[in-house]
Every structure is written in C-alpha cells, then in structure tokens.
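The structure appears right after this line, and notes come after that.
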Amino acid sequence: MATVLVVGGAGYIGSHVCKALAARGDVPVVFDNLSAGHREAVRWGPLVIGDIRDGQALDRAFAEHEPVAVMHFAAHIEVGEGERAPLAFWDNNVAGVVSLLKAMDKAGIAPLVFSSTCAVYGEPESVPISEDEPRTPVSVYGRTKKAVEDLLIDTAKTGRLRFASLRYFNACGASPDGDIGEEHDPETHLIPNALKAAAGLGPAMQLFGDDYPTPDGTCIRDYIHVMDLADAHLKALELLIGGHEAFACNIGTGQGLSVREILDAVKDVTGKAVPHTIAPRRPGDAVRLVADTARAHSLLGFTPTLSSAEQIVADAWRFHASRWGVASQ
Ligand code: UDP
C-alpha cells in the first residue's frame, strides 16, 4: 500500500487514476486548486486544496501525508487558450513544475509520473509515431509540455529524480461505473461534443475540416480509454518505485480512427445521428496522430483492453446521459 500525491487529481485523467490507485489498495492524496477540477471527483482519498506554484503548500502536503511518489496532472490543456494566453500556460504548466520539483527534492521524493502528450511531436514526419520522433510541437500547449520533459531530463541528472513522461494520445471515455467522467468547461473535445449534439442538447457539432488527405477527409486520432490510460500510469509508477531509471513512453492503442468513424460510433451507441456542420480546419490540428505502442508494450507490459470505439463511446455516453438527465438506453 503506497501513498501517492496526485497533483491535479480532481481533473479528468487524475480522478480516474485515483480510482485505479485505490482499487489496488494505494492511497491517492489529491493536491488540486480546483480551478478546473471537481471536488466531487475526489472520492478515493484526502483532498488538499492548493496551487503547485505555492511551495509552502506543497511542503505542508508532503510533511502531512508522506507520499512515496508523485503523479502530476495539473496543467492548462486547451490548445486555443494557450495561443491567447501563453504566459498563463508557461506559468502554470512549466513554472508550476519547477515549484513541484523543488518541493519533491526537499522532501526527498524521487518517483514522478508526468502527464505529457503526443502534442510534443507536432506534425510528425512518420506515423505511427515512435518515441524517437523529433519533438517539434506546433502549439504553446505542446511547447510547455516539451519544456517540462526537458526540465525533468535536466533535473534527473542530479540522481534525485526518477520520472516517466507519458505521452498520451486522445484520452476519452469514462469510468465504466459511470461515477466519474470528462467534464471540461468549456468542452472542446470531440466525443462529449458529439454526444451533446446527438442528445439534442446543443447546436449542431462543428466538424473541423473534411478536406484532409485521409480516406474520408477527416483527421485521424488514436483514442485511448481513460481507464486504460490509468492502468498505464499504475504500471509506470510501479517501475519508478522499483528503481527504474527515467523514461518517456507513448500511451495509445496504435489504431487510428477518423472523426467520421467516431460520429458513426456515437450513432451506433446512442441510436441518434450526430447533427453536424462542416467547419474550417481548426488551427494546429495535425492530420494523423497514431502511437507506435511497442515501448509501452515492452517496457510497461501495457495493452489496452477497453479502447474500442464502441466501449469508449458507450462509457462516455453512460456518464454524460446521467449528468444531463437524459435516458442512455
Ligand atoms: N473535432 C471536431 N469537432 C469538435 C471537436 C473536435 O471536429 O467539436 C475534431 C478535431 O478537429 C480533431 C479531433 O476531432 O480532428 C479530435 O479533437 P479533440 O479536441 O477531441 O482532441 P485533440 O486531438 O485536439 O487532442
């Protein structure tokens, strides 16, 4: 049984990781400023309300709870907002990690699992994307994540930090129990937006570009169920706690799905076609992002089991339908 400080544990991915930690007997202590996270998503351990840029608040949390490791999810994630507010992104996403690393060093804690992203690859030269692909992000968001990866590499040279940079592809879905799920405000992600439109609860969904060089003209992504993602985090944490040296690893399925294929899955699951309009391409969207999963398989022993389009959309639908008060059957 290990106590783990989960920074940003009230957010979408963090809360699902907390659930997975608790399911195997670990104690997740959530440290979150609740700027984007949800108090009601903290169900599996204590909540410490604080900001990662507040070193004293971190020092107090480490002293009180004595975690053996840290998992870090707290970041600004909305790509368009990053272009409009770069300083806020660099401050929270990068300066926040400097503060976190200082506090970890003071407390003598070495293992850190960091939420990175396939956005560090920008528009990749080859797909599927291996971890050796050059990191040339094309957004402020992606550049802040790359900067943290580099910060971790430099800090690990002291010998007092062992980290995993997990480069997620498209996190989606919800806990199959329907107790927690994806709740961003504003919501920009494809699956919740498509479900909302299918449920008739909003305007038609905007499909950003149908003239890409793909078989159906829409962008291709690698959609990974959030509980599979949580499992990958537990496996990475195990390695680091066991003394494994630092590593970066893609977390995806290796399968690409187009936007239209997701809309088809939404129709199959909900029984309703997704009302949509074709909108201009969204700035910064890469044509095709699909993970090479070889390292996740060999290093972490990770194989997704919940990440079919049907399961992802069904689990997301169960959660959203209950939140929206509409029948899911
Ligand atoms: N997308 C869309 N309409 C939306 C939201 C997303 O057409 O309302 C498209 C987007 O252009 C991309 C894919 O869906 O091709 C996945 O986008 P999302 O924002 O979910 O994740 P991202 O790939 O940006 O991390």
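Counting convention: from 1, in listed order, for ligands and their atoms alike.
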(message) Any carboxylate oxygen within less than 4.0 angstrom of a Lys/Arg side-chain nitrogen, looking at Lys146 and Asp150?
(response) yes
(request) Just jot down the ring pair (Phe, Tyr, Trp, His ring centres under 6.0 Å) partners of Phe319, sequence neighbours excluded, or say none. (result) none
(request) Answer yes or no on whether Arg135 is positioned over the face of Tyr121, meaning its NZ or CZ is under 6.0 Å from the six-membered ring centre and within 45° of the axis. (result) no
(request) Please name the residue in the list Glu149, His72, Lys145 that meets the side chain to side chain donor-acceptor pair (under 3.5 Å) test with Ser116. (result) Glu149
(request) For residues Tyr12 and His189, establish whether the separation of their ring centroids is below 6.0 Å. (result) no
(request) Tell me whether the centres of the aromatic rings in Phe247 and His244 are closer together than 6.0 Å. (result) yes
Enumerate the pairs of nitrogen or oxygen atoms, one from ligand 1 and one from the protein, separated by less than 3.5 angstrom; state names and distance to 0.1 Å.
residue: ligand 1; atom: 3 (N); partner: Gln206; partner atom: O; Å: 2.7
residue: ligand 1; atom: 7 (O); partner: Gln206; partner atom: O; Å: 3.4
residue: ligand 1; atom: 7 (O); partner: Phe208; partner atom: N; Å: 2.9
residue: ligand 1; atom: 8 (O); partner: Asn193; partner atom: ND2; Å: 3.2
residue: ligand 1; atom: 11 (O); partner: Asp285; partner atom: OD2; Å: 2.5
residue: ligand 1; atom: 17 (O); partner: Arg282; partner atom: NH2; Å: 3.4
residue: ligand 1; atom: 19 (O); partner: Arg282; partner atom: NH1; Å: 3.3
residue: ligand 1; atom: 19 (O); partner: Arg282; partner atom: NH2; Å: 3.1
residue: ligand 1; atom: 20 (O); partner: Leu190; partner atom: N; Å: 2.8
residue: ligand 1; atom: 21 (O); partner: Asn170; partner atom: ND2; Å: 3.1
residue: ligand 1; atom: 23 (O); partner: Asn170; partner atom: ND2; Å: 3.0
residue: ligand 1; atom: 23 (O); partner: Arg221; partner atom: NE; Å: 2.8
residue: ligand 1; atom: 24 (O); partner: Arg282; partner atom: NH2; Å: 2.7

